[in-house]
Trainee: 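One structure is given below, represented as structure tokens, and several questions about it will come after.
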Amino acid sequence: MRSEKPHIINLNNHQTLNTIKPYLRLSGLEPLIVRPETNFVNVGERTNVTGSKKFARLIKEGAYEEALSVARQQVENGAQVLDVNMDDALLDGVQAMTTFLNLLQSEPDIAKIPVMIDSSKFEIIEAGLKCVQGKCIVNSISLKEGEEKFTEQAIICKKFGAAVIVMAFDEVGQADTKERKVEICQRAYTILTEKIGYAPQDIIFDPNIFAIATGIEDHNNYAVDFIEATREIKQRMPLTRVSGGVSNVSFSFRGNDHVREAIHSVFLYHAIRAGMDMGIVNAGQLVIYDDIEPALKKLCEDVILNINNDDNKATEQLITFAETVKAKGKEIVKDERWRKESVEDRIAHALIHGITEHIDADTEEARVKYPRPLDVIEGPLMAGMNIVGDLFGAGKMFLPQVVKCARVMKRAVAVLTPYIEEEKANNLKKDGVAADSGPAKILLATVKGDVHDIGKNIVGVVLGCNGYEIIDLGVMVPADKILSEAIKHKVDMIGLSGLITPSLDEMVHISKEMKRLKMNIPLMIGGATTSRMHTAVKIAPEYDNGVIHVLDASRSVTVAGTLLNKEQKITYLEDIKKEYNQLSQDFGNRNTGKKSIPFAEAQQNHAKLDWDNTQTLKPTFTGTKIISPVSVESLIPYIDWQPFFITWEMHGKFPAILEDEIVGTEAKKLFEDAKEMLREITEGKWLEARAVLGFWPAKKTAADSIKLTADKKEVSLEFLRQQSKKASGQPNFSLADFIHPNQEDYMGAFSVTIQGTEKQVEKFEAQQDDYKKIMIQALSDRLAEAAAEWLHQEVRTNYWGYAPHEKLDNTSLIKEEYQGIRPAPGYPACPDHTEKIKLFDLLGGETATEIKLTESLAMYPASSICGWYFGHHESKYFGVGKIGRDQLEDYAKRKKMSLEEAEKWLSPVLE
């Protein structure tokens, strides 16, 4: 009998060792079984809006079909699992994830590999789980919000049969040492296997890969900590898997693909040997380990394994090598000619190249030259840091180099500090003005729910080297602590950092709290997931005393210096406010503030139409008709040009704008260019239009309900009614008012779409011709509107024929001087987008219309229009405006929709 005991894992009371399947099995059309001999599983990273600019652009534009090409390329390049991430502040993540995964499932050449649903928001993960067939991977859950939340999310993942990635962080924070990584993973393993019943082989640990070679000594062992933690995790929990985001390790060398790819391959070589099973990495950018040039391989080994790295020696050597690669192999020769330049240029050169050798003498020379020692900081030193910021932002300088620049700055400030203090003391004696209590204080924090702090740490180093006192609260810091500490320490500025998307919501919350507390210090926003656009649209409007997005660490110095300069601050903030207002103008909301009346009273005040003298006219056909293709040339006379000029931010009536004193000359040029492109469109058949229309018998069944009969089935349409208090004799309109109340009437519907725009956009993007790209998109929108105008005229004069003798020119059509209306679901007269589903079903769905409805019920292609047809001569356009709770409840009941769902769709019109 064998004396050694088998390794037994207690899953639950009903499972034994014999029932355990030791392999991770994932579902694609070609199932993936991760065995010990599998070696390493590549997880394709480019279908990630935070990791691929191209993919993010396509998703934001709604070009989901085109975005599939990114996924297809990852599969072709060798990805074995596809990571899909839709975490962007300006995206509806749930809708984007659902739409993309549903499309992906219908593409066999992509769906053959398993999917990794990647999000920091669990509602997005849950939406993705509902779309994927079979076993996928969830990326990720963690203990950061405690065991209860962790358990709840794990149970949901298990319910869907998903394998799960567990990040190595808990309530304390993210694990950065080997000991913490192992401790957290062991704790999570115990909960998953003993409390929830997760099979060990369905657990994947991510022990956190952090950037190395940053120039900060505390970061030097990050790769070693990951590798050794992986080794111990696989020893303790052998059936589990280990994964990680490989590109993180080389973040310090962004912009230098040659060095980054070498770092990735060397890192993977050692991590895989320690037990790493899979990783998120660009499958098309992995260099073979043995093909790496020996000198570079040795440098990467030293940095990754933290060998020969005392005083950052290995890091410095790799940086030097990286610079030679950026210089395309040109020999870098020490050049002392810069020493003959002006003192300002010498200081700038020293900062850019991190040279401390002459900075003391150069700073002293500048101090003697300038009236005040502070002028040296605000003048040549800040000018040099601005250049550093530009180089770093352009990817021409790396993070450790920025830290070296800050060291030069610190040396210079140290030279100037005694003179600054002396000046303060002299001012006190002379004017009785108290000297400053010390350097300006800046509080930095990574917001609640976020554990990524490398960027914040670098900002702290750079700002600290520039003479600021830094109060760093660390990671996962709640709003109340950030603000109470800011008040306690009387700080001059707050800096918030975040990497994951939920951090953006927390930043919005903090800005609101700063306003509530009547704080008057500036707020800096930074981090990989932040952007100037999001800051302008979501954060800045919530706080009035300065919100500034900072692109990177080096720029933080310039921003902080400007904001803490009393003379520059006011003008700077005014300029920022104007810039942000421009960015956010399309996101503004308006509130009418009108008084409302009870819904029942609004229904009683319906439109009283002259039905006694109205003859109901039957259309020439019932059912649907497809008109395709529609000649673009035939649509040009129907174009409304005024919105075209508005697209180009030229405001004025057409054609008067062509003679405008200010913009007339440019407007004419634009108009000629547009006409030239229309000629190219028609001659080259770049675009074509497709139209679908239909008519059905309609019967009014309630005050705001209409029943259509289509193919022997009945479709109930529900409409909303104006509920604002009206002047005497003015009705509260509903579209249902325009259907005969007592006898059979008719209603119509339509869709039009312009096809071919995306192909032309791609062409102009490849040519880097933004002007023509915008032009084709603007003209496509105008042609879609023209198609709707043309089709409506055909309906009035032909297909429905209630105005057979109509003779209106384009100006009259634009002024809507015709009989009948064509309101669109989601627009003012019928603001509920969900009725659009019924409209498209009536027309024959996507097959007939060649228009796709997203989960949020937007139409794709973008240049598409749909709507209802009402023919009564008294029908008119109107806006429903705000509605009350009573109408909401009635509408939800009529729609057989939950109140919560109705609130979601009607939130823009709810009081």
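Keep in mind that this is a model prediction, so the values were computed, not measured.
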Trainee: Using the salt bridge (Lys or Arg N to Asp or Glu O under 4.0 Å) rule, collect all pairs that involve residues 783-794, keeping only residues at least two apart or in two chains.
Mentor: Glu789-Arg822
Trainee: Looking at Arg679 and Glu683, is any side-chain nitrogen of the basic one under 4.0 Å from a carboxylate oxygen of the acidic one?
Mentor: yes
Trainee: List for me each residue that meets ring-ring contact (aromatic ring centres under 6.0 Å, His included) alongside His873, sequence neighbours excluded, and say none if there are none.
Mentor: none
Trainee: Check Ala829 against Pro823 and note the closest heavy-atom contact, atom names and distance.
Mentor: CB-CB, 4.2 Å
Trainee: If you draw the axis of the six-membered ring of Phe671, does the NZ or CZ of Lys675 fall within 45° of it and under 6.0 Å from the ring centre?
Mentor: yes
Trainee: Is there side-chain contact between Leu617 and Tyr746, with at least one heavy-atom pair below 4.5 Å?
Mentor: no
Trainee: Are any non-hydrogen side-chain atoms of Lys726 and Ser724 less than 4.5 angstrom apart?
Mentor: yes
Trainee: Is the distance between the ring centroids of Tyr64 and Tyr860 under 6.0 Å?
Mentor: no
Trainee: If you compare all heavy atoms of Ala127 against all heavy atoms of Val94, which two are closest, and at what distance to 0.1 Å?
Mentor: CB-CG1, 3.6 Å
Trainee: Report yes or no: do Asp87 and Ser119 form a side-chain donor-acceptor pair below 3.5 Å?
Mentor: yes
Trainee: Answer yes or no: are there more than 12 heavy-atom neighbours, outside Lys608 itself, under 6.0 Å from its atom NZ?
Mentor: yes
Trainee: Are a donor atom and an acceptor atom from the side chains of Tyr891 and Asp832 found within less than 3.5 Å of each other?
Mentor: yes
Trainee: Please check: side-chain N/O of Arg690 versus main-chain N/O of Ala848, any donor-acceptor pairing under 3.5 Å?
Mentor: yes
Trainee: Does any part of the side chain of Gln793, heavy atoms only, come nearer than 4.5 Å to the side chain of Tyr638, both counted from C-beta?
Mentor: yes
Trainee: Does the pair His740 and Lys700 meet the rule for a side-chain contact (heavy atoms from CB on, under 4.5 Å), with working shown?
Mentor: CA-CA 7 Å; His740 202 296; Lys700 192 168 184 177; over 6 Å; no
Trainee: Which heavy atom in Leu104 sits nearest to a heavy atom in Leu82, and how many Å separate them?
Mentor: CD1-CD2, 3.5 Å
Trainee: Where do Thr99 and Gln95 land on the side chain to side chain donor-acceptor pair (under 3.5 Å) test, with the steps shown first?
Mentor: CA-CA 6 Å; Thr99 302; Gln95 178 267 325; 3.1 Å; yes
Trainee: With heavy-atom distances below 4.5 Å as the criterion, would you say the side chains of Leu906 and Leu888 are in contact?
Mentor: yes
Trainee: Start with the C-alpha gap between Thr709 and Val715, add the side-chain angles, then the distance that decides, and say whether side-chain contact (heavy atoms from CB on, under 4.5 Å) holds.
Mentor: CA-CA 6 Å; Thr709 303; Val715 179; over 6 Å; no
Trainee: Less than 4.0 angstrom from a charged side-chain N to a carboxylate O is my criterion; do Lys838 and Glu835 meet it?
Mentor: yes
Trainee: I need the Lys669 NZ to Leu658 CG distance, nearest 0.5 Å.
Mentor: 13.5 Å
Trainee: Roughly how far, to the nearest 0.5 Å, is CZ of Arg721 from CZ of Phe878?
Mentor: 8.0 Å
Trainee: Do the side chains of Lys893 and Glu889 get close enough for a salt bridge, i.e. N-O under 4.0 angstrom?
Mentor: no
Trainee: Just checking, is any N or O donor in the side chain of Asp809 or Ser812 under 3.5 Å from an acceptor N or O on the other one?
Mentor: yes
Trainee: Going by ring-ring contact (aromatic ring centres under 6.0 Å, His included), name the residues that satisfy it together with Phe599, two or more places apart in sequence or in a different chain.
Mentor: none
Trainee: When rounded to the nearest 0.5 angstrom, what distance separates CG in Leu783 from CD in Glu688?
Mentor: 12.5 Å
Trainee: Is the backbone N or O of Asp610 less than 3.5 Å from a side-chain atom of Glu874, with the two atoms forming a donor-acceptor pair by type?
Mentor: yes
Trainee: Take Thr682 and Ile636 through the test side-chain contact (heavy atoms from CB on, under 4.5 Å) and record every step on the way to the result.
Mentor: CA-CA 10 Å; Thr682 55; Ile636 293 175; 4.0 Å; yes
Trainee: When you check the gap from the basic side-chain N to the acidic O, do Lys895 and Glu718 get nearer than 4.0 Å?
Mentor: no
Trainee: Could you tell me which residues satisfy ring-ring contact (aromatic ring centres under 6.0 Å, His included) with Tyr818, sequence neighbours excluded, listed by chain and number?
Mentor: His792
Trainee: For a quick check under 3.5 Å, do Thr614 and His872 share a side-chain donor-acceptor pair by atom type?
Mentor: yes
Trainee: Considering all heavy atoms of both residues, which atom of Cys866 and which atom of Phe840 are nearest to each other, and what is their separation?
Mentor: SG-CE1, 3.8 Å
Trainee: What's the verdict on side chain to side chain donor-acceptor pair (under 3.5 Å) for Gln723 and Asn732, showing C-alpha distance, side-chain angles and the deciding distance?
Mentor: CA-CA 6 Å; Gln723 210 171 335; Asn732 291 86; over 6 Å; no
Trainee: Are the side chains of Trp868 and Phe719 in touch, meaning some heavy atoms are under 4.5 Å apart?
Mentor: yes
Trainee: Rounded to the nearest 0.5 Å, how far does NZ of Lys130 lie from CG of Asn102?
Mentor: 12.0 Å
Trainee: Got a second to check how far Thr701's OG1 is from Leu717's CG, nearest 0.5 Å?
Mentor: 9.0 Å
Trainee: Show me the pairs that pass salt bridge (Lys or Arg N to Asp or Glu O under 4.0 Å) and involve residues 795-806, at least two apart or across chains.
Mentor: Arg796-Glu806
Trainee: Under 4.0 Å between a Lys/Arg side-chain N and an Asp/Glu carboxylate O for Lys699 and Asp745?
Mentor: no
Trainee: Are the side chains of Leu687 and Leu779 in contact, using a 4.5 Å heavy-atom criterion?
Mentor: no
Trainee: Is Ser52 reaching over with its side chain to a backbone N or O of Val49, donor-acceptor style, under 3.5 angstrom?
Mentor: no
Trainee: Go through the steps for Val132 and Ile117 under the test side-chain contact (heavy atoms from CB on, under 4.5 Å), then give the verdict.
Mentor: CA-CA 9 Å; Val132 177; Ile117 303 170; 4.0 Å; yes
Trainee: If you round to the nearest 0.5 Å, how far is NZ of Lys618 from CD of Glu744?
Mentor: 8.0 Å
Trainee: For Ala784, does its backbone N or O pair with a side-chain atom of Ser863 as donor and acceptor, under 3.5 Å?
Mentor: no
Trainee: Does some side-chain heavy atom of Pro861 sit less than 4.5 Å from a side-chain heavy atom of Glu758?
Mentor: yes
Trainee: Report yes or no: does Asn798 contribute a side-chain atom to a donor-acceptor pair with the main-chain N or O of Val795 at less than 3.5 Å?
Mentor: no
Trainee: Can you check whether Glu901's main-chain N or O pairs, donor with acceptor, with Ser898's side chain at less than 3.5 Å?
Mentor: yes
Trainee: Are the aromatic rings of Phe100 and Phe55 close, with centres under 6.0 Å apart?
Mentor: yes
Trainee: Determine which pairs satisfy ring pair (Phe, Tyr, Trp, His ring centres under 6.0 Å) with at least one residue from residues 692-713, sequence neighbours left out, and list them in order.
Mentor: Phe621-Phe695, Phe695-Trp800
Trainee: Are the side chains of Trp905 and His833 in contact, using a 4.5 Å heavy-atom criterion?
Mentor: yes
Trainee: For Gln133 and Gln105, which I'm curious about, is there any donor-acceptor pair between the side chains at under 3.5 Å?
Mentor: no
Trainee: Please check this pair: side chain of Gln760 against backbone of Ile776, looking for a donor-acceptor N/O pair closer than 3.5 Å.
Mentor: no
